Amino acid sequence: MIKSNILPGHVTVIMDGNGRWAQARGLERFRGHLEGVESVRDITEYAAQAGIRYLSLYAFSTENWNRPSDEVSGLMALMGRSVLNERPAFQKNNIRFRVIGDRDSLPPELLRDIEEAEKETENNTGLTLIVMLSYSGKWDILQAARRYAADVVSGQADTGLDGDAFSSYLSTAGIPDPDLMIRTSGEERISNYMLWQCAYTEFYFTDTLWPDFRRAEFAAALENYARRQRRFGKTEAQMEEE
Ligand code: IPE
Ligand code: IPE
Ligand code: MG
């Protein structure tokens, strides 16, 4: 019998398809981003109620800085507004809010709003909601390698680096690796997301565009995950004995 994994501890989502959602309705791309915020709210509330420990959302990649400047500035402004709007809901639902990514690249006002929300919610004990902002997997591995190298040079680390020690240099240190990664919009690629952390993550791809992705389909993804058997390189028989 295939063992059920029940609930994933960490679900991560590559929220894709906002632009196509808008285009299909003859609207500007930005309307898709606005509607996408509604999906974020719905999925976050559902994840918190379901008892998921970590929900991370890929909101803006390192490569997304190369989009037209009005889209980039619109997204940064939308991020700031959303952080301010959602703070009461974070408190009400006992959600801890965090942002992971290259903070130095963010507009200073946005960074200030993010840091205030992080501080206000830091003692909340329910779901940890992580917004991956100005993030990429290669950026993360590089910043970890640079900090590790600096620690070796200063004598704070030795050269016997193992996987756990390397993970502690990643921007996701202390957060368990994703159990389930969902990508919407029909694209089946990793797009420079958590490259190290997704080594044994289960992937779930759906054609649904992010603004249409709501709790019913999220629940279906969780059910699909629960039917899978993760083996981590071992045999099926070994896993059944565990
Ligand atoms: C995802 O939707 C949001 C971001 C990457 C910021 P897209 O904006 O990529 O939408 P499509 O893929 O063009 O439809
Ligand atoms: C991935 O979506 C990044 C985010 C969802 C934030 P993209 O739309 O940027 O990915 P590609 O360019 O289609 O691979
Ligand atoms: Mg896209």
Side-chain angles (χ1 to χ4, degrees), residues 10-44 47 54-83 85-86 97-107 110-111 113-114 129-143 170-172 175 177-178 180-198 201-214 217-218 221:
H10 181 178
V11 180
T12 194
V13 188
I14 301 182
M15 308 183 289
D16 201 8
N18 295 353
R20 279 164 283 167
W21 182 92
Q23 266 152 14
R25 287 163 179 74
L27 303 169
E28 287 174 46
R29 288 178 57 81
F30 200 72
R31 289 288 298 277
H33 296 316
L34 286 175
E35 193 61 25
V37 174
E38 302 301 319
S39 295
V40 169
R41 187 177 299 126
D42 193 49
I43 299 306
T44 301
Y54 296 91
L55 174 67
S56 53
L57 303 175
Y58 202 11
F60 194 89
S61 73
T62 305
E63 286 77 19
N64 289 149
W65 289 111
N66 298 320
R67 289 194 178 193
S69 63
D70 58 340
E71 180 165 347
V72 169
S73 57
L75 281 167
M76 291 301 144
L78 178 60
M79 191 64 60
R81 282 205 300 283
S82 302
V83 170
N85 286 343
E86 298 309 316
F97 171 76
R98 291 184 58 181
V99 166
I100 290 180
D102 180 13
R103 289 178 182 243
D104 294 342
S105 66
L106 299 178
L110 173 60
L111 189 56
D113 292 340
I114 286 168
L129 171 68
I130 306 157
V131 175
M132 310 297 284
L133 190 60
S134 194
Y135 177 86
S136 76
K138 286 189 178 181
W139 165 81
D140 200 1
I141 291 168
L142 278 172
Q143 67 78 31
L170 292 170
S171 63
T172 50
I175 298 166
D177 287 343
L180 172 65
M181 189 276 266
I182 298 171
R183 184 170 187 153
T184 58
S185 88
E187 309 301 348
E188 298 185 352
R189 54 177 172 258
I190 193 97
S191 296
N192 203 358
Y193 196 38
M194 298 199 209
L195 298 176
W196 173 278
Q197 297 89 334
C198 281
T201 300
E202 296 292 325
F203 288 5
Y204 179 92
F205 296 108
T206 171
D207 287 341
T208 305
L209 303 172
W210 176 250
D212 289 328
F213 189 89
R214 299 292 160 97
E217 195 169 350
F218 187 70

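Read the numbers this way: they start at 1 and go in the same order the structure lists the ligands and their atoms. Note that the structure is a prediction, hence the values are computed from the model and not measured.
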Between [X] and [Y] (side chain of the first, backbone of the second, donor and acceptor by atom type, cut-off under 3.5 Å), is there such a pair?
{"X": "Arg183", "Y": "Glu188", "value": "no"}
{"X": "Thr184", "Y": "Thr206", "value": "no"}
{"X": "Arg214", "Y": "Pro211", "value": "yes"}

* Check each atom of ligand 2 against the heavy atoms of Arg189 and keep those under 4.0 Å away; list them by number with element. => 11 (P), 13 (O), 14 (O)
* Arg183 neighbourhood, listing ligand 2 atoms whose heavy-atom distance to it stays under 4.0 Å -> 1 (C), 2 (O), 10 (O), 11 (P), 13 (O), 14 (O)
We want to know whether [X] and [Y] form a side-chain donor-acceptor pair, criterion being a heavy-atom distance below 3.5 angstrom.
{"X": "Trp210", "Y": "Ser185", "result": "no"}
{"X": "Tyr58", "Y": "Ser191", "result": "no"}
{"X": "Asn64", "Y": "Ser61", "result": "yes"}

* Taking every non-hydrogen atom, the tightest pair across Leu106 and Trp65 -> CD2-CZ2, 4.3 Å
* Which protein N, O or S atoms does the Mg ion (ligand 3) have within a distance shorter than 2.8 Å? -> Asp16 OD1
* Structure fact -> Residues with a heavy atom under 4.0 Å from ligand 1, by chain and number, are Met15, Asp16, Gly17, Asn18, Gly19, Arg20, Arg29, His33, Ala59, Asn64, Arg67, Leu75
Please table the atom pairs, donor to acceptor, closer than 3.5 Å between any side-chain atom in residues 22-31 and protein atoms at least two apart or in another chain.
unit_1 : atom_1 : unit_2 : atom_2 : d
Arg25  : NH1    : Trp21  : O      : 2.9
Arg29  : NE     : Glu71  : OE1    : 2.9
Arg29  : NH2    : Glu71  : OE2    : 3.2

* **Nearest-0.5 Å distance, CG of residue Asp16 to CG of residue Leu209** => 8.5 Å
* Excluding sequence neighbours, so at least two apart, what forms side chain to side chain contact (heavy atoms under 4.5 Å, CB included) with Asp140? -> Tyr135, Gln143, Leu170, Ser171, Thr172, Gln197
